Q: 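I have a structure I would like to understand better, so I am pasting it below and will then ask my questions one at a time.
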Amino acid sequence: MTILTNNILFGLVLSLCAFELGIFINRYTRIQILNPLLIAIVSIICFLFLFNIDFDTYNKGGEFINMFLGPSTVVLAVPLYRQLDLLKKNSKAILVGIFLGSTIGIFSVIGISYFVGLDATIIKSLIPKSVTTPIGIAISSQLGGLVPITVLAIIVTGIIGAVFGPTICKIFKIKDKVAIGVAIGTASHAVGTSKALELGEVEGAMSSLSIGIAGIMTVIIAPIAYNLAAFVYHMIK
């Protein structure tokens, strides 16, 4: 085992195998909650715990995956380019939808966090939960949050959006493809977008657009929202 773990590719191969296992289980069972990413995370944690392998050893190879976060997000622009005419036609509605989704998402996190009595550092870490990981890490660092908690919150949010997003749209009878894509992308970033791409090219294109715009809006809104909420909270308290 030491020979395997000392190999720099150990973490990378383990991650890929765990994700392939997740894809297989998801396709075989057809159960939405068994998301491939969720299965991969649980599998890796169990493997490391079972063989008493520390995270730093795993991350020597696992960190290579981080190199692909940026390029993979950029690739999502391809379906968006194909739906450029649809984007121009619905540009105002899309921008308003993303702005409201981002704003409500931020204020709801802050409000619920203060209500349950979470520490200020934890609140700052949770604020960028709905943006893609590179942007979320930057926002968390800017606000003074804890990056590991931010990454966990982003992953959990993405999985929840991918699993329950389409079902929620059905419950509320949202049938417009543009609206579905914007909702999923704004709320659950790249992981949700992977599900939106399964629903259709229009949904995937609008969701991938929402990732970038929601990220930019969150960078601007997050500090203002937190400072405003903190001021109101201390005034009331």
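Note that the structure is predicted; figures quoted are calculated from it, not measured.
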Q: For residues Ser43 and Leu21, report the shortest heavy-atom separation together with the two atoms involved.
A: OG-CD2, 3.8 Å
Q: Which atom names give the shortest non-hydrogen contact between Asn35 and Ala162, and what distance separates them?
A: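 So the minimum-distance heavy-atom pair works out to ND2-CB, 3.9 Å.
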Q: To the closest 0.5 Å, what do you measure between CD1 (Ile94) and NZ (Lys92)?
A: 13.0 Å
Q: If you measure from CZ on Phe164 to CD1 on Ile159, what distance do you get to the nearest 0.5 Å?
A: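 The CD1 atom of Ile159 is 11.0 Å from CZ of Phe164, to the nearest 0.5 Å.
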Q: Determine whether Met235 and Val232 satisfy the following criterion, side-chain contact (heavy atoms from CB on, under 4.5 Å), listing intermediate values before the conclusion.
A: CA-CA 5 Å; Met235 286 291 290; Val232 173; 5.6 Å; no
Q: Identify whether Phe107 and Ile127 are in the same connected component of the hydrophobic contact network (ILVMFWY, side-chain heavy atoms under 4.5 Å).
A: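 No, no single cluster joins them.
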Q: Could you tell me if the side chain of Ser207 sits less than 4.5 Å from the side chain of Leu197, heavy atoms only?
A: no
Q: Please report the closest heavy-atom contact between Lys129 and Val109, naming both atoms and the distance.
A: CE-CG2, 3.0 Å
Q: So, the side chain of Arg27 versus the backbone of Phe24: is there a donor-acceptor pair under 3.5 Å, distance only?
A: no
Q: Check for me, please, whether Ile213 and Ile106 land in the same ILVMFWY cluster - side-chain distances under 4.5 Å, paths through other members count.
A: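 Same hydrophobic cluster.
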Q: Between Ile220 and Met217, is there a side-chain heavy-atom distance shorter than 4.5 Å?
A: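 No, their side chains stay 4.5 Å or more apart.
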Q: Please step through side-chain contact (heavy atoms from CB on, under 4.5 Å) for the pair Leu87 and Leu84, ending with a clear verdict.
A: CA-CA 5 Å; Leu87 169 61; Leu84 199 56; 4.0 Å; yes
Q: Determine the minimum heavy-atom distance between Gly215 and Val131, stating which atoms define it.
A: CA-CG1, 3.8 Å
Q: I'd like to know if the side chain of Asn227 and the backbone of Pro223 have a donor-acceptor N/O pair within less than 3.5 Å.
A: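 At least one qualifying donor-acceptor pair exists.
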Q: Can you list the steps and then say if Ile44 with Ser15 is a side-chain contact (heavy atoms from CB on, under 4.5 Å)?
A: CA-CA 7 Å; Ile44 292 173; Ser15 300; 4.0 Å; yes
Q: Count I, L, V, M, F, W, Y as connected when their side-chain heavy atoms are under 4.5 Å apart, and connections chain through other members. Are Phe231 and Ile123 then in the same cluster?
A: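 In one cluster with Phe231: Ile123, no.
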Q: Determine the minimum heavy-atom distance between Ala179 and Asp176, stating which atoms define it.
A: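 Heavy atoms only, the tightest pair is N-OD2, 2.9 Å.
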Q: Please check if atom CG in Asn52 has more than 12 non-hydrogen atoms from other residues, nucleotides or ligands closer than 6.0 Å.
A: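 Not buried by this count: 12 neighbours or fewer within 6.0 Å.
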Q: Using side-chain heavy atoms (C-beta onward) and a distance below 4.5 Å, is Ile184 in contact with Leu199?
A: yes
Q: So does Leu100 get a backbone contact from the side chain of Thr103, meaning a donor-acceptor N/O pair under 3.5 Å?
A: no
Q: From Ile149 CD1 over to Ile122 CD1, what is the distance, rounded to the nearest 0.5 angstrom?
A: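 One gets 3.5 Å once the value is rounded to the nearest 0.5 Å.
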Q: Parallel under 30°, tilted from 30 to 60°, perpendicular over 60°: which one fits the rings of Tyr58 and Phe55?
A: tilted
Q: With heavy-atom distances below 4.5 Å as the criterion, would you say the side chains of Met206 and Lys177 are in contact?
A: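 SC-SC contact between Met206 and Lys177 ruled out.
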Q: Do Ile221 and Phe99 make a side-chain contact, defined as non-hydrogen atoms from C-beta onward lying under 4.5 Å apart?
A: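 A side-chain contact exists here, since the closest heavy-atom pair is under 4.5 Å.
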Q: Any donor-acceptor pair under 3.5 Å linking the side chain of Ser140 with the backbone of Gly136?
A: no
Q: Applying side-chain contact (heavy atoms from CB on, under 4.5 Å) to Ile135 and Thr218, what does each step give before you reach the verdict?
A: CA-CA 9 Å; Ile135 299 177; Thr218 303; 5.8 Å; no
Q: Quick check for you: to the nearest 0.5 Å, what is the distance between Leu118 atom CG and Lys124 atom NZ?
A: 13.5 Å
Q: Applying a strict under-4.5 Å side-chain criterion to I, L, V, M, F, W and Y, I'd like to know whether Ile41 and Val151 cluster together.
A: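 Same cluster.
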Q: Quick one: sort the Phe47 and Phe10 rings into parallel, tilted or perpendicular, breaks at 30° and 60°.
A: tilted
Q: If you define the side chain from C-beta out and look only at heavy atoms, does anything of Ser102 sit under 4.5 Å from Thr186?
A: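 Result yes, sub-4.5 Å side-chain heavy-atom pair found.
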Q: Rounded to the nearest 0.5 Å, what separation is found between the CD1 atom of Ile154 and the CG atom of Leu126?
A: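 So the CD1 of Ile154 and the CG of Leu126 are separated by 10.0 Å.
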Q: I'd like to know if the side chain of Thr150 and the backbone of Ser125 have a donor-acceptor N/O pair within less than 3.5 Å.
A: yes
Q: Flag yes if Ile168 and Val182 sit in one hydrophobic cluster, no otherwise; membership is Ile, Leu, Val, Met, Phe, Trp, Tyr, and two members link when side-chain heavy atoms are under 4.5 Å apart.
A: no
Q: Output the distance between atom CD (Glu198) and atom CD (Glu203), rounded to the nearest 0.5 Å.
A: 11.5 Å
Q: What is the minimum heavy-atom distance between Gly185 and Ser210, and which atoms define it?
A: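 Closest pair (atom of Gly185, atom of Ser210, distance): C-CB, 3.8 Å.
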Q: Closer than 3.5 angstrom, by distance alone: can the side chain of Asp54 be matched with the main-chain N or O of Thr57 as a donor-acceptor pair?
A: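 It does hold such a pair.
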